[in-house]
Amino acid sequence: RGDTFSALTSVARALAPERRLLGLLRRYLRGEEARLRDLTRFYDKVLSLHEDSATPVSNPLLAFTLIKRLQSDWKNVVHSLEASENIRALKDGYEKVEQDLPAFEDLEGAARALMRLQDVYMLSVKGLARGVFQRVTGCAVTDLYSPRRLFSLTGDDCFQVGKVAYDMGDYYHAIPWLEEAVSLFRGSYGEWKTEDEASLEDALDHLAFAYFQVGNISCALSLSREFLLYSPDNKRMARNVLKYEKLLAESPNQAAAEAVIQRPNVPHLQTRDTYEELCQTLGSQPTHYQIPSLYCSYETSSSPYLLLQPVRKEVIHLEPYVVLYHDFVSDTEAQKIRGLAEPWLQRSVVASGEKQLPVEYRISKSAWLKDTVDPVLVTLDHRIASLTGLDVQPPYAEYLQVVNYGIGGHYEPHFDHATSPTSPLYRMNSGNRVATFMIYLSSVEAGGATAFIYGNFSVPVVKNAALFWWNLHRSGEGDGDTLHAGCPVLVGDKWVANKWIHEYGQEFRRPCSSSPED
Ligand SMILES: O=C(O)CCC(=O)C(=O)O
Ligand SMILES: [Fe+2]
């Protein structure tokens with residue numbers, strides 16, 4: 001529980017309990033409909049007796065039934081247990097499903113994901129609430145993705161996102177989401193929805209306080225006044241209005257102060273702008289293909305295997321050296337590997353000192369697959385070895401790490417190699433991670449590119465292709481230029497597999513050098 005949002009397969013699995021709940025609600029509705037039909041029948045019957053005859057009691061049969069109704073029928077109607085039996089069945093059914101439902105941390109994780117997508121892709125909250133994925137820069141509006149069917153959010157949906165930010169003191173995100181909630185609630189005022197947690201008053205209350213927190217007293221005041229229109233007896237709000245009026249009277253220019261709210265701190269601040277720009281290109285490099293040293297070829301070199309089945313190789317970048325091997329796996333192989341990993345997926349962790357921890361900057365689940373699990377993994381190892389010329393037998397390479405990203409799943413700029421001597425990566429006793437071989441096991445609809453920050457390029461998710469790069473210089477020194485990231489997935493189910501190859505075992509395959517530049 002609490003780990004549904006961090007992989008899309010887990011999110012998909014949450015469809016099952018909802019289908020069970022739908023079944024329960026359908027049964028409940030059928031039961032209640034039948035009950036109300038029967039009550040209506042009784043009502044109509046008695047009503048017609050009152051309307052029909054002039055002296056309904058002159059007939060002894062009618063007189064008898066009047067007495068009987070008042071003595072017995074009405075009591076049975078009013079004290080009927082059917083309604084409570086129906087609701088009991090619904091509640092019992094819900095309790096059985098409850099343990100399979102996402103936890104509050106999932107709601108938080110999913111809400112943070114929407115905010116992340118909003119930030120990295122510069123999406124407008126208004127657009128998101130209407131179901132469109134539009135980047136807004138100044139007056140220019142670009143569609144980053146056009147869904148086949150528009151799906152819009154309700155006031156309560158937007159309130160919940162805003163509330164997650166609000167509770168973290170993150171007013172930068174809370175304000176636009178609560179603004180949207182207020183505007184949607186205003187538009188549907190008076191239409192009560194059973195499923196809603198919040199109302200217009202709640203949204204106004206939170207938004208007013210958020211504006212107060214960032215120093216926008218005049219907005220706080222007008223929202224608080226609007227609140228009092230709906231709940232005039234609220235003492236706390238009345239006190240707030242007085243406080244805001246006093247503050248504004250003391251320093252009237254507060255009214256005009258439109259303070260610029262800073263986006264809350266995120267790691268890698270210095271590289272964040274480049275990272276986000278690279279993500280926004282969604283992997284397209286307009287100028288990149290004009291450089292002659294970057295080329296495509298058929299790799300037939302080192303191994304007889306490749307002569308029989310050449311692999312299309314695309315040199316993407318030289319320093320750091322990054323190549324993309326197209327159609328490295330088949331659709332069947334990709335599907336097979338995803339299926340092997342699925343039951344073992346666990347929240348991804350990162351090395352932090354000597355420990356491994358889940359972090360906000362890596363949102364995915366992953367599983368390690370040993371070669372012995374399935375012959376397809378052995379085939380894959382042979383193929384990697386023949387393409388790279390490196391030894392990928394344990395302990396010279398790690399098991400295959402299969403990764404499934406979650407809602408807005410990402411991996412912010414990082415190095416694959418260890419940057420501290422205490423890193424858990426050294427536990428294999430085969431040195432540092434000299435190279436990364438990463439296979440795209442799925443496509444995505446939008447987002448999820450692999451961005452190389454200092455290389456200033458990003459690679460789109462190309463299904464079945466594999467990306468290769470060296471993490472270390474020939475001297476064994478980490479190559480700082482390999483700082484890279486998995487951009488947040490905007491729309492889609494992204495899967496990758498990592499094969500990390502270590503230094504030892506490669507001495508004659510990639511001879512070392514003392515020049516730090518190599
Ligand atoms: O998913 C990606 O595009 C990059 C993943 C990555 O860098 C990693 O798993 O270490
Ligand atoms: Fe990486």
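Counting convention: from 1, in listed order, for ligands and their atoms alike. Because the structure is predicted, anything quoted here is derived from the model rather than measured.
Annotation: angle subtended at the Fe ion (ligand 2) by His484 NE2 and His414 NE2 is 90°, to 10°.
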Show me the donor-acceptor pairs, under 3.5 Å and distance only, between side chains in residues 331-351 and residues at least two apart or in other chains.
residue	atom	partner	partner atom	Å
Asp331	OD1	Lys463	NZ	2.6
Asp331	OD1	Asn464	ND2	2.9
Glu333	OE1	Ser330	N	2.9
Glu333	OE1	Ser330	OG	3.4
Glu333	OE1	Arg383	NH1	3.1
Glu333	OE2	Arg383	NH2	2.7
Lys336	NZ	Asp374	OD2	3.4
Arg338	NH1	Leu441	O	2.7
Glu342	OE1	Arg13	NH2	3.2
Arg347	NH2	Val359	O	2.9
Ser348	OG	Ser364	O	3.2
Ser348	OG	Ser364	OG	2.7
Ser348	OG	Ser366	OG	2.9

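A salt bridge links Arg20 with Asp100: the closest approach of a Lys/Arg side-chain nitrogen to an acidic carboxylate oxygen falls below 4.0 angstrom. Ionic pairing of Asp156 and Lys193 is not present here: no N-O contact between side-chain nitrogen and carboxylate oxygen is shorter than 4.0 angstrom. Residues Asp119 and Arg272 are not paired through a salt bridge, judged by the lack of any N-O separation under 4.0 Å between the basic side chain and the carboxylate.
Atom OH of Tyr396 has 12 or fewer heavy atoms from other residues, nucleotides or ligands within 6.0 Å.
Summary: OD1 is the N/O/S atom of Asp416 found nearest to the Fe ion (ligand 2).
Checked options Leu400, Leu380, Leu467, Thr388; the residue passing with Phe437 is Thr388 (criterion: side chain to side chain contact (heavy atoms under 4.5 Å, CB included)).
A cation-pi arrangement is present between Lys494 and Tyr405, with the terminal nitrogen or guanidinium carbon under 6.0 Å from the aromatic centre and inside a 45° cone about the axis.
Every protein residue with a heavy atom nearer than 4.0 Å to ligand 1 is included here: Arg362, Tyr405, Tyr411, His414, Asp416, Met438, Thr450, His484, Gly486, Lys494, Val496, Asn498, Trp500.
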